[in-house]
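Shown next, in structure tokens, is the structure this report addresses.
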Amino acid sequence: MKAKVTRRPLLIAAAIITLVSALNGCKPKSASNVVEGDAAQRVYVAPGKYDDYYLFASGGFSGQVGVYGLPSGRLLKVVPVFSVNPENGWGYSEETKPMLETSQGFSPWDDTHHPQLSVTNGEQDGRWLFINANNHPRIARIDLKSFKTVEILELPNVGGNHASPFVTPNTEYVVGATRFSVPLDGEDVPISSFKENFRGTVNFIKIDKESGHMNLAFQIMTPGVNFDLARAGKGPSEGWMFFSCYNTEQAYELLEVNATQKDKDFIMAVNWKKAEEYIKAGKGVKKPAAYLHNKYDEKSHMATSELVKEVLQLDAKELEGICYFIPCPKSPHGADVDPTGKYIAASGKLAAVIPVFSFEKIQKAIADKAFEGDFGGIPVIKYDAALAGEVKKPGLGPLHTEFDGKGFGYTSMFVSSEIVKWNVETREVVDRIPTYYSIGHLCIPGGDTKKPWGQYVIALNKITKDRYLPTGPELTQSAQLIDISGDKMKLLLDFPTIGEPHYAQAIKADLIKEKQVQWFKLEENTNPFAAKGEGQARVERKGNEVHVYMTAIRSHLTPDNIEGVKVGDVVYFHVTNLEQDFDVPHGFAIKANNNAEILVMPGETQTLKWVPKAVGVYPFYCTDFCSALHQEMSGYIRVSPAGSSVALSFNSTKKKE
Amino acid sequence: MTTLKTKATLSVAVALFFAAAIASCGDSSNKTSGNQTPNAEEKKLEEKVNEIKHYNTGIGPITKVEIGPFDAAMAAKGKSVYEMKCQSCHRIEGDRLVGPSFTGVTERRTPEWVMNMIMNTEAMLNEDQTAKDMLEICLVRMPNQNVAEPDARNIVEYFREIDGHKKSWTE
Ligand SMILES: [Cu+2]
């Protein structure tokens with residue numbers, strides 16, 4: 001312990017020197033000479049024209065998803081997922097509150113990292129986007145017809161859901177694996193008993209083909225290591241999943257030093273078809289658990305939260321042939337499968353090479369039992385027996401690789417702030433381009449699938465420094481668009497993003513834009529509090545609850561005068577937007593509200609809870625500018641003292657005679 | 001307008017002339033300037049347009065509505081659509097609310113105009129003179145409530161009921 005502590009300043013000094021020299025080394029000569037002459041034309045999307053791609057970038061510590069158009073880099077929408085969003089009432093309205101419930105109570109914030117688009121036959125299908133909550137382990141599904149978060153599933157026995165979510169070639173499964181190994185949920189054990197009591201879990205969530213609904217099918221128990229990222233095999237390697245693991249030292253204190261001791265950590269190869277066979281043969285063990293499954297119904301516009309009490313577990317060391325470790329230098333981040341499914345590129349953050357493993361060789365090594373030993377009862381394949389070859393001296397800090405579909409891999413280099421292009425078959429570096437600065441993940445539209453679009457790579461950077469007008473100590477986060485259609489990469493555009501653009505996926509706009517829901521049909525609205533027509537607008541008292549069934553249409557709210565509410569009452573405004581046209585939401589806000597506004601889409605019903613604390617007359621109004629008479633779209637509610645005899649009354653729409 | 005499938009020759013003629021009228025005012029380069037005398041053909045067209053003004057079908061997909069004996073079931077359906085999608089702005093009786101009240105609508109408008117106003121709202125507000133005149137009074141653009149054609153037709157039947165016209169649109 002003492003020795004480790006005294007060594008630390010040295011390490012830090014060394015790291016600072018490396019970082020400073022790295023940053024100096026890649027500083028551009030000047031901002032003006034890094035882009036080619038036609039870059040402006042290449043990213044210009046004229047007024048009224050559409051972008052070619054949707055880019056879905058994680059909002060990082062904002063907990064949301066940012067949707068951008070490419071090549072313009074314009075922000076199109078922020079989809080609220082794991083964090084409350086007062087702008088539209090996500091997590092504040094009664095209908096959406098259950099979406100942010102967890103087994104340990106309401107959770108208003110999380111940290112999103114890895115968006116994952118659904119695929120069919122290994123190609124993007126534009127149906128759903130999955131994204132992980134990194135802090136409190138959950139996976140969300142966003143419906144790409146409505147751009148709404150429609151499902152959130154909590155994962156049991158997971159600490160930090162980082163290696164998540166990644167899909168199999170027909171979106172049979174979405175996987176999520178633990179970043180921090182932990183004891184089973186609810187176990188009270190000393191932290192120093194890490195090796196005995198802490199486990200890794202790899203979770204396979206089954207996706208319903210039609211509805212997209214998620215169900216935790218099984219959980220593979222592994223030795224206690226940290227999982228970082230994963231990708232599914234495809235083509236010849238279909239049926240397998242590859243996870244990067246670090247902290248194979250099984251350290252539990254000062255990880256910066258203690259979890260980086262070994263020269264090699266692991267890639268874990270998981271044969272999920274084999275796991276399915278074991279389950280069929282009854283080898284799974286049902287264990288008690290407690291995790292929430294939250295669903296949002298796009299007909300009732302309401303969420304429900306269900307407690308699941310069981311999880312099916314498979315023990316990797318008991319069940320032969322499910323898991324294998326492959327040594328991998330050093331603290332690997334990406335474990336990325338190329339479009340042919342033949343190769344797995346692993347990017348060790350602290351490694352000097354990018355090892356590229358061959359699926360064929362891995363299979364042969366397993367058949368030949370070319371193992372160097374075991375780790376926690378799981379066979380470790382010999383490095384050379386699995387290796388196709390290494391990309392030598394690619395740069396510093398290789399992190400993540402995507403592919404262009406033309407035989408090249410593109411790897412982000414965190415420490416040397418660059419993207420390196422290399423030939424997948426020969427492992428030769430053929431081009432490199434600086435990024436500004438400290439790139440984390442990168443994204444090629446479809447770059448993780450069988451069919452990448454291969455036109456752009458997007459750098460998702462950790463540090464912004466001098467790229468934009470300064471805004472105090474905190475700068476906007478930043479992404480960069482780079483053209484990869486030719487032999488040489490060309491920087492086209494910097495664009496700001498929300499939160500940390502940790503990772504992003506992009507898809508051809510055509511696969512999404514035609515399917516957009518423009519309004520919800522009133523006829524199909526099954527919300528029990530809907531007022532489907534102004535004739536149904538009313539106010540009802542149930543004990544101390546007052547339910548206002550309100551309608552909104554350009555440009556009035558009905559009822560707009562309410563009396564007979566008393567201090568001590570709890571008022572629910574159930575607002576139904578009667579519009580049946582594209583792009584006409586109405587908002588609802590009321591004075592002295594300790595909640596948020598609600599934004600109600602055409603045909604939708606949303607409910608705001610309001611607890612008046614003082615006697616008075618309170619105005620309410622529509623917040624979304626909707627028409628020439630938007631300013632008139634308002635009303636009053638009168639709050640009388642507790643015990644007052646003012647009768648409950650409301651007006652139906654009247655015109656002043 | 002180009003896919004006419006109506007049987008009544010009058011309405012075909014009406015629609016054609018109406019289309020011609022729209023086309024000519026939509027294309028400014030072809031406009032006859034004030035000091036030129038319109039030729040005989042144009043004069044004839046103008047007369048025709050004036051002649052059919054009393055039968056304004058509006059602009060949109062509906063060129064001819066067959067009005068048969070009153071259908072109570074259709075009217076009932078029309079009423080429920082009215083209550084869900086129209087009532088917040090249009091009363092049946094009395095004065096204008098946001099939009100005009102519907103009493104007597106069968107005397108002021110053709111069934112084709114009513115259905116086009118419901119189904120093709122934006123274009124009607126931009127191009128149909130009667131709709132434009134109403135907008136100047138109401139000042140709130142009528143929203144397109146995306147009522148499908150059968151339901152728009154049901155509303156027409158409901159309007160017949162309101163006005164007590166069980167024989168035809170006007171009787
Ligand atoms: Cu409004």
Side-chain angles (χ1 to χ4, degrees), chain A residues 516-527 530-538 549-560 575-586 600-605 622 624-633 635 651-657, chain B residues 60 75-103 115-126 131-155 158 161-162:
Chain A
Q516 292 308 293
V517 171
Q518 300 191 324
W519 66 89
F520 297 101
K521 288 185 178 157
L522 269 175
E523 294 91 331
E524 293 176 357
N525 180 331
T526 58
N527 188 305
K532 294 200 263 180
E534 202 163 287
Q536 295 178 17
R538 64 198 186 276
Y549 296 74
M550 184 177 276
T551 60
I553 196 161
R554 280 166 283 177
S555 309
H556 60 281
L557 297 160
T558 307
D560 64 358
V575 183
T576 301
N577 181 347
L578 294 180
E579 309 270 0
Q580 292 287 272
D581 202 358
F582 197 18
D583 198 25
V584 201
H586 289 292
V600 192
M601 297 305 121
E604 200 180 52
T605 303
C622 168
D624 194 338
F625 206 108
C626 54
S627 66
L629 295 170
H630 165 76
Q631 288 300 84
E632 284 70 18
M633 194 165 175
N651 66 341
S652 51
T653 306
K654 284 185 210 123
K655 201 186 111 194
K656 244 199 155 9
E657 301 299 336
Chain B
K77 278 186 207 155
K79 181 169 189 268
S80 73
V81 178
Y82 159 79
E83 283 171 350
M84 187 187 286
K85 296 187 171 183
C86 320
Q87 190 183 21
S88 46
C89 298
H90 299 274
R91 287 196 275 203
I92 296 302
E93 287 172 354
D95 290 341
R96 174 173 79 81
L97 195 61
V98 180
S101 105
F102 285 146
T103 302
M115 288 181 69
N116 282 328
M117 191 66 207
I118 294 171
M119 294 168 60
N120 196 31
T121 320
E122 270 297 300
M124 286 287 284
L125 289 172
N126 291 339
K132 281 157 80 174
D133 292 346
M134 290 307 298
L135 180 57
E136 268 183 40
I137 297 165
C138 302
L139 286 173
V140 174
R141 291 182 78 84
M142 175 170 150
N144 183 340
Q145 287 293 78
N146 280 287
V147 175
E149 183 172 336
D151 276 340
R153 178 65 185 82
N154 291 338
I155 288 171
Y158 177 50
E161 183 176 347
I162 293 167

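Naming: A, B, ... by sequence-line order, numbering from 1 per chain.
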(request) Taking B:Q87 for its side chain and A:G535 for its backbone only, find out whether a donor-acceptor pair lies under 3.5 Å. (result) yes
(message) Counting only non-hydrogen atoms closer than 4.5 Å, can you tell me which residues of residues 136-146 of chain B sit against chain A?
(response) B:L139, B:V140, B:P143, B:N144, B:Q145, B:N146
(message) Please classify the contact of A:E523 with chain B as side chain, backbone, both or neither, using a heavy-atom distance under 4.5 Å.
(response) both
(request) Using modelled atom types only, decide if a donor and an acceptor are shared between the side chain of A:H556 and the backbone of B:V98 within a distance under 3.5 Å. (result) no
(message) For B:K132, is the NZ atom crowded, meaning more than 12 foreign heavy atoms sit under 6.0 Å from it?
(response) yes
(request) Quick one: pull up CD in B:E83 and CD in A:Q536 and give me the separation to the nearest 0.5 Å. (result) 8.0 Å
(message) Can you tell me which portion of A:L578 sits under 4.5 Å from chain B's heavy atoms? Options are side chain, backbone, both or neither.
(response) both
(request) Drop me the distance from A:E534's CD to B:K85's NZ, to the nearest 0.5 angstrom. (result) 15.5 Å
(message) Taking CD in A:E524 as the centre, count heavy atoms belonging to other residues, nucleotides or ligands within less than 6.0 Å. Is the count above 12?
(response) yes
(request) Could you give me the CA-CA distance, side-chain angles and deciding distance for A:I553 and B:C89, then say whether side-chain contact (heavy atoms from CB on, under 4.5 Å) is met? (result) CA-CA 8 Å; A:I553 196 161; B:C89 298; 3.9 Å; yes
(message) Taking CD in A:Q516 as the centre, count heavy atoms belonging to other residues, nucleotides or ligands within less than 6.0 Å. Is the count above 12?
(response) yes
